[in-house]
There are 2 protein chains.
Amino acid sequence: MSGWVRIAGLGPGNPNKITPEVDAALADATDVVGYIPYVARVAPRDGLTLHASDNRVEIDRSQHALQMAADGRRVVVVSSGDPGVFAMAAAVFEAVENGPPAWRELEISVLPGITAMLAAAARAGAPLGHDFCTINLSDNLKPWALIEKRLRLAAEADFAMAFYNPRSASRPEGFERTLDILREVCGPQRLILFARAVSTPEETLNVTTLGQATPEMADMRTMVIVGSSATRKIERTGTPIVYTPRSVPE
Amino acid sequence: MSGWVRIAGLGPGNPNKITPEVDAALADATDVVGYIPYVARVAPRDGLTLHASDNRVEIDRSQHALQMAADGRRVVVVSSGDPGVFAMAAAVFEAVENGPPAWRELEISVLPGITAMLAAAARAGAPLGHDFCTINLSDNLKPWALIEKRLRLAAEADFAMAFYNPRSASRPEGFERTLDILREVCGPQRLILFARAVSTPEETLNVTTLGQATPEMADMRTMVIVGSSATRKIERTGTPIVYTPRSVPE
């Protein structure tokens, strides 16, 4: 029997946003590997071993998955959202590149999922309906200076921006600096939205402006989306709709 | 009976990448509206009227959908990929903003889908595993000067880049200019991949460098992804894996 690794996206939370392809991989797996809260989203069954591990051990987890596949097991590595966006796919390929040559010949595939920024954008309207950029605000794995450089260039390019991991409990100051930089470059009227735990029972959505935004509006379960200069708000009963038009006039 | 509009993403092509939420909306709809090839992906059934229309009539189509919902019908507007990424969601909200006030109070929701860049990235490995930007290369709805400005700033920010609509038959010169600019700013060794018709029987994947890339490698069914300076290639039997590591050293 030949083993495989499928790196699968579980989407933002609600099972109605998990693709049939991912469900089929889980149904066919012998082992599921992932961060504790994501593995908890997989239903236990006979013949399936769940291997839940803590945060920040992504390479150990990847090596474990690859070794099991090399031993003939059928392994699903789960991520929330899409595995290719600030999630497990890059970690698995890092482990492949630095691992034994045989791992390169394993059957490894990535099964895309609904990533958090697109779930959040859908909930709000269409803020990413024109050109945009996607930045991980955590400085765990890159220097803060690079984040700041990217923020300033993205604002100059007039991209809408989606921010993952905006504010950790241990290092909340980065998001405060992000808001300061964006207020300086984009002005206080620029639209910003905070979408927390989209598609779960804890979902909240807050549409405001950079001038009104405060760092406490975000935590690690929040997607933050900042509009481009063209992003607009449609008022109606309840939360307004936020969207970025498709056209930029000459 | 109260009507609604659901703007739904059909994913890149294979039905195994359509979420159950989108299937449920289609099952509950009275009408489906969209561009001809996307409506063709919806199975006909009794009680469901399919309204297929040509490209470039997005606002007419949106107004039609909104008017039907105002008349009590249950309307799904279909896009390929994700409706919020260069697709129908922004067009519908544009029609809402410019339409009669009653349209603002309609039940309108966006159901996310697997967008082309994430399906292409998954197929190739994890080229969008770190910060990236997403640009529509068509200059139908924006000036070419803005595209060029964004390309240069995105390269300076060292984003990986995903390009939608890289090369139309009527205006192929834009993509040639894009390659020239990127070669100048990023150098000839930078990785680029061309993923065509991902998840369909016509799927092809071509991994090369800017120095080797030619404009003819792309058409309107191709997603083009250009790596950042950190993007790497893992050679193995068959197509190599392309991924962008999670870390940027200090």
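Chain A is the first sequence line, chain B the second, and so forth, proteins listed ahead of strands; every chain is numbered from 1. Please read all numbers here as calculations on a predicted model, not as lab measurements.
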When the 4.5 angstrom heavy-atom criterion is applied to B:Pro101 and chain A, the contacting part is neither

- Within 6.0 angstrom of B:Arg196 CZ, more than 12 heavy atoms from elsewhere: yes

Okay, B:Ala91 and chain A: the region with an atom under 4.5 Å from a heavy atom over there is both

Bottom line for A:Tyr243: the part with an atom under 4.5 Å from chain B's heavy atoms is side chain

Interface check, chain A: of B:Thr115, B:Ile114, B:Thr134, most non-hydrogen pairs under 4.5 Å belong to B:Thr134

Bottom line for A:Leu118: the part with an atom under 4.5 Å from chain B's heavy atoms is both

Correct closest heavy-atom pair for A:Ile18 and B:Pro20 would be O-CD, 3.0 Å

### Query
Checking salt bridge (Lys or Arg N to Asp or Glu O under 4.0 Å) for the pair B:Glu105/A:Arg236: CA distance, chi angles, key distance, verdict?
CA-CA 6 Å; B:Glu105 303 301 332; A:Arg236 59 169 180 174; over 6 Å; no

Note: A:Arg246 and B:Glu58 closest approach over all heavy atoms is NH1-CB, 3.5 Å

Most heavy-atom pairs under 4.5 Å with chain A, out of B:Ala162, B:Ala121, B:Gly125, B:Ala87, belong to B:Gly125

Honestly, the part of B:Asp158 sitting under 4.5 Å from a heavy atom of chain A is both

Turns out that what part of B:Thr237 lies under 4.5 Å from chain A's heavy atoms comes down to both

On a heavy-atom basis, the closest approach of A:Phe132 and B:Met117 is CZ-CE, 3.8 Å

Of all heavy-atom pairs linking B:Gly129 and A:Phe86, the shortest is O-CD2, 3.7 Å

Cut-off 4.5 Å, heavy atoms of chain A, and the answer for B:Leu137 is neither

Among B:Val22, B:Asp23, B:Ile241, the residue with the most heavy-atom pairs under 4.5 Å to chain A is B:Ile241

**Asked** Would you find a donor on one side and an acceptor on the other, under 3.5 Å apart, between the side chain of B:Asn136 and the backbone of A:Asp131?
**Response** no

**Donor-acceptor contact below 3.5 Å, side chain B:Arg150 vs main chain A:Ala157** = yes

Whatever's closer than 4.5 Å to a heavy atom in chain B on A:Pro127 counts as neither

Honestly, the part of A:Lys17 sitting under 4.5 Å from a heavy atom of chain B is both

The interface call for A:Pro12 against chain B, heavy-atom contacts under 4.5 Å, is neither

Okay, A:Arg152 and chain B: the region with an atom under 4.5 Å from a heavy atom over there is neither

One option among B:Ile7, B:Thr19, B:Thr244, B:Asn16 has the most heavy-atom pairs under 4.5 Å with chain A, and it is B:Asn16

Looking only at B:Pro143, B:Ala90, B:Ala126, most heavy-atom pairs under 4.5 Å shared with chain A are made by B:Pro143

Residues A:Glu97 and B:Lys233: closest non-hydrogen pair is OE2-O, 4.3 Å

field: Atom CZ of B:Arg6: over 12 foreign heavy atoms under 6.0 Å
entry: yes

